[in-house]
K.L.:
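Sharing a structure, written as structure tokens. Questions coming.
In what follows, chains are A, B, ... by sequence order, proteins preceding strands, each numbered from 1.
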Number of protein chains: 2
Amino acid sequence: MPNATDRVQAITETVNRYIELIATGSADDIVELYADDATVEDPVGGEVHIGRQAIRGFYAAVGDVQRECELVTLRVAGHEAAFQFRLTVTAGEHKMVIEPIDVMVFDGQGKVAAMKAYWSADDVRQL
Amino acid sequence: MPNATDRVQAITETVNRYIELIATGSADDIVELYADDATVEDPVGGEVHIGRQAIRGFYAAVGDVQRECELVTLRVAGHEAAFQFRLTVTAGEHKMVIEPIDVMVFDGQGKVAAMKAYWSADDVRQL
């Protein structure tokens, strides 16, 4: 990522790709966005998953529920991004919505070096 | 902050107080929310202000422009918070709006130990 404009664009594309993959991608697809030694803390205050194998396990555990995902707000600054997104999960007749705020730190290759997700059970709405 | 519910409530109150003080408070008022050795990086990628004296200087530099400030979204998780807010600044006939996403880390006494603000010039709207 040689200059600031390219960096902002690359980060923006990666965040949009992440949102797309949360809805429709596999754990293998998602983990491709991460650096080898990346960390994921989702939610913040919970377990920190370190490295691609642990991160793949975390996303695989989300399982086969039907998901829709939409980016609400994105702020890119320096080598980082903060974004709010809306995740709708449908399991049988039950539907729930949550809008976490995630923060990602990017490395020099544009891979996600660290992700932290800010949400709690209080933020989940049943539809 | 003895338990999780009290911690969430204390963090929520501090964020709301911060938003109120951004609009109507002095640098001295705002710095009271911070721990002695706190850090402020606003925007992310810019200078990191370390310690209360540097932080007071940062907020004092905002100056005497007329400000309105409103909390848009708040997510509390663990000992941290992420929140989006809307800041409207009026200088003479010029009015501009920006909606940063801030992240705060809180210490055991409920003081802000670290603040990072995610926004860039691209996010500023002229009204």
K.L.:
With a cutoff of under 4.5 Å between side-chain heavy atoms, which Ile, Leu, Val, Met, Phe, Trp and Tyr residues group with Leu127(B)?
P.N.:
Val97(B)
K.L.:
To the nearest 0.5 Å, how far apart are CG in Leu87(B) and CD1 in Ile19(B)?
P.N.:
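That separation rounds to 8.5 Å.
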K.L.:
Which atom names give the shortest non-hydrogen contact between Ala113(B) and Ala35(B), and what distance separates them?
P.N.:
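Residues Ala113(B) and Ala35(B), closest heavy atoms: CA-CB, 4.4 Å.
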K.L.:
Can you list, by chain and residue number, the hydrophobic cluster partners of Val48(A) when the side-chain cut-off is 4.5 Å?
P.N.:
Ile50(A)
K.L.:
For the interface with chain B, which of Pro43(A), Gly46(A), Pro100(A), Ala81(A) has the highest count of heavy-atom pairs at distances below 4.5 Å?
P.N.:
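Most heavy-atom pairs within the cutoff with chain B belong to Ala81(A).
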K.L.:
For Val72(B), which fellow cluster members are found when Ile, Leu, Val, Met, Phe, Trp and Tyr are connected by side-chain heavy-atom distances below 4.5 angstrom, either directly or through intermediates?
P.N.:
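When side chains under 4.5 Å apart are linked, Val72(B) ends up in no cluster with other residues.
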K.L.:
Hey, can you dump all donor-acceptor pairs under 3.5 Å between chain A and chain B, distances included?
P.N.:
residue, atom, partner, partner atom, Å
Val44(A), O, Gly78(B), N, 3.4
Thr73(A), OG1, Gln84(B), OE1, 3.2
Arg75(A), NE, Glu99(B), O, 2.7
Arg75(A), NH2, Glu99(B), O, 3.1
Gly78(A), N, Val44(B), O, 3.4
Glu80(A), OE1, Lys116(B), NZ, 3.2
Glu80(A), OE1, Tyr118(B), OH, 2.5
Glu80(A), OE2, Lys116(B), NZ, 2.8
Gln84(A), OE1, Thr73(B), OG1, 3.2
Glu99(A), O, Arg75(B), NE, 2.6
Glu99(A), O, Arg75(B), NH2, 3.1
Lys116(A), NZ, Glu80(B), OE1, 3.2
Lys116(A), NZ, Glu80(B), OE2, 2.8
Tyr118(A), OH, Glu80(B), OE1, 2.5

K.L.:
Met115(B), Val105(B): one ILVMFWY side-chain cluster at the under-4.5 Å cut-off?
P.N.:
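No, because Met115(B) and Val105(B) fall into different hydrophobic clusters, even though each may have its own neighbours under 4.5 Å.
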K.L.:
If hydrophobic clusters are built by linking Ile, Leu, Val, Met, Phe, Trp and Tyr wherever their side-chain heavy atoms come under 4.5 Å apart, do Ile101(B) and Phe85(B) end up in the same one?
P.N.:
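Ile101(B) and Phe85(B): separate clusters.
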K.L.:
Taking Leu74(B), Val76(B), Val44(B), Val103(B) one by one, which has the highest count of heavy-atom pairs under 4.5 Å against chain A?
P.N.:
Val44(B)
